[in-house]
Number of protein chains: 2
Amino acid sequence: MVSEIQNSKHYQCPVEATLEVIGGKWKPIILWQLRTEKLRFSGLQQSMQGISPKMLTKQLRELEEDGLILRQVYPEIPPKVEYSLTDFGKTMLPVLDALCKWGNEYLGRECALGKK
Amino acid sequence: MVSEIQNSKHYQCPVEATLEVIGGKWKPIILWQLRTEKLRFSGLQQSMQGISPKMLTKQLRELEEDGLILRQVYPEIPPKVEYSLTDFGKTMLPVLDALCKWGNEYLGRECALGKK
DNA sequence: CTGTATCCGTTGAGATACTG
DNA sequence: CAGTATCTCAACGGATACAG
């Protein structure tokens with residue numbers, strides 16, 4: 001998918017490419033939740049009030065294809081799957097941080113990633 | 001609109017609020033184009049290959065409502081309208097820059113806002 | 001020149017029920 | 001538990017024609 005973006009599209013500005021990867025309603029939140037800890041499917045679902053399993057699956061698959069998150073399947077009964085950020089995924093934490101900080105000024109609230 | 005966002009929604013993370021303002025297919029590009037110069041409606045349309053007037057109008061109105069851009073109407077015939085970033089709008093240039101830089105690494109290309 | 005109005009297809013996204 | 005499958009509605013977004 002990364003290669004598809006590189007090959008098939010041309011952008012006015014790389015911002016577009018970035019937003020194609022981390023944009024949308026749910027992806028930023030998923031990445032946000034994973035910034036500090038591994039989470040299971042059900043854990044993510046609880047963290048994100050209101051997302052349907054269909055949507056969550058879709059977003060997770062796309063993030064996985066783009067190499068931002070890792071999906072670890074434990075072959076147990078009942079099944080267990082853990083999601084975490086890859087090293088590549090971690091490279092965009094500063095970007096999320098920037099978005100977060102601007103949102104704070106905009107909303108006048110505090111940000112969990114906080115001071116650094 | 002800003003107040004609507006502040007009042008009616010609650011976010012898991014301020015990132016959501018930020019993306020609600022600068023997200024989408026066209027807004028980042030509009031802001032990008034306006035980062036260095038005032039532009040007229042037709043100028044923006046040319047800069048952004050393929051956008052329909054309807055879409056451009058809609059995005060511009062929303063950015064204006066959110067206080068990011070200024071719309072200056074010159075009461076002439078033929079009409080002339082110039083769009084520019086407000087001071088508030090300029091506060092998100094660093095954010096766009098962060099998105100841009102990550103896109104560059106991701107795409108391996110250069111960014112127009114450049115080194116700083 | 002700067003938009004509106006209309007039509008239309010595609011994608012996003014929620015609700016719900018169900019499966020291995 | 002971790003998803004799929006299906007249905008549904010709304011929002012996004014393109015094309016085009018037209019108006020002040």
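Side-chain atoms are counted along with the backbone in the values below, which use heavy atoms only and exclude waters and symmetry mates. Here is how names work: the chains are called A, B, and so on, in the same order as the sequence lines, proteins then strands, and each is numbered from 1.
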Using a 4.0 Å cut-off to any heavy atom of chain B, which nucleotides of DNA chain D are the first and last in contact, reading 5' to 3'?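 Here the contact window of chain B covers D/dC12 to D/dG20.
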Measure the spacing between [atom1] of [X] and [atom2] of [Y] and express it to the nearest 0.5 Å.
X: A/Trp32; Y: B/Glu16; atom1: CH2; atom2: CD; answer: 10.5 Å
X: B/Glu64; Y: B/Thr57; atom1: CD; atom2: OG1; answer: 11.0 Å
X: B/Leu60; Y: B/Leu39; atom1: CG; atom2: CG; answer: 10.0 Å
X: A/Leu68; Y: A/Lys27; atom1: CG; atom2: NZ; answer: 8.5 Å
X: A/Arg61; Y: A/Arg71; atom1: CZ; atom2: CZ; answer: 4.0 Å
X: B/Met92; Y: A/Trp102; atom1: CE; atom2: CH2; answer: 6.5 Å

Pairing residues for A/Ser52 by the side chain to side chain donor-acceptor pair (under 3.5 Å) criterion, not counting sequence neighbours: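 With sequence neighbours excluded, A/Ser52 shows a side chain to side chain donor-acceptor pair (under 3.5 Å) to no residue whatsoever.
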Which is more 5' along DNA chain C, the nucleotide nearest A/Lys58 or the one nearest B/Val81? Just name the residue.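 That would be B/Val81.
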Pick the closest DNA chain C nucleotide for A/Ile51 and for B/Lys80 by heavy atoms, then say which residue is nearer the 5' end.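 First, find each residue's nearest nucleotide; the 5'-ward one identifies B/Lys80.
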What's B/Tyr83 touching, base or sugar-phosphate or nothing? Going by heavy atoms closer than 4.0 Å.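 If one applies the 4.0 Å heavy-atom cut-off, B/Tyr83 turns out to touch the sugar-phosphate alone, with no base involved.
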Given that A/Pro79 and A/Lys54 both sit by DNA chain D, which one's nearest nucleotide is further toward the 5' end?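 Closer to the 5' end of DNA chain D: A/Pro79.
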With heavy atoms of chain B within less than 4.0 Å as the criterion, where does contact along DNA chain C begin and end?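 Contact boundaries, 5' end first: C/dC1 to C/dC7.
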Taking A/Lys38 first and then A/Glu82, would you say they form a salt bridge - that is, a charged N and a carboxylate O separated by under 4.0 Å?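 Here A/Lys38 pairs with A/Glu82 in a salt bridge, since their nearest N and O are under 4.0 Å apart.
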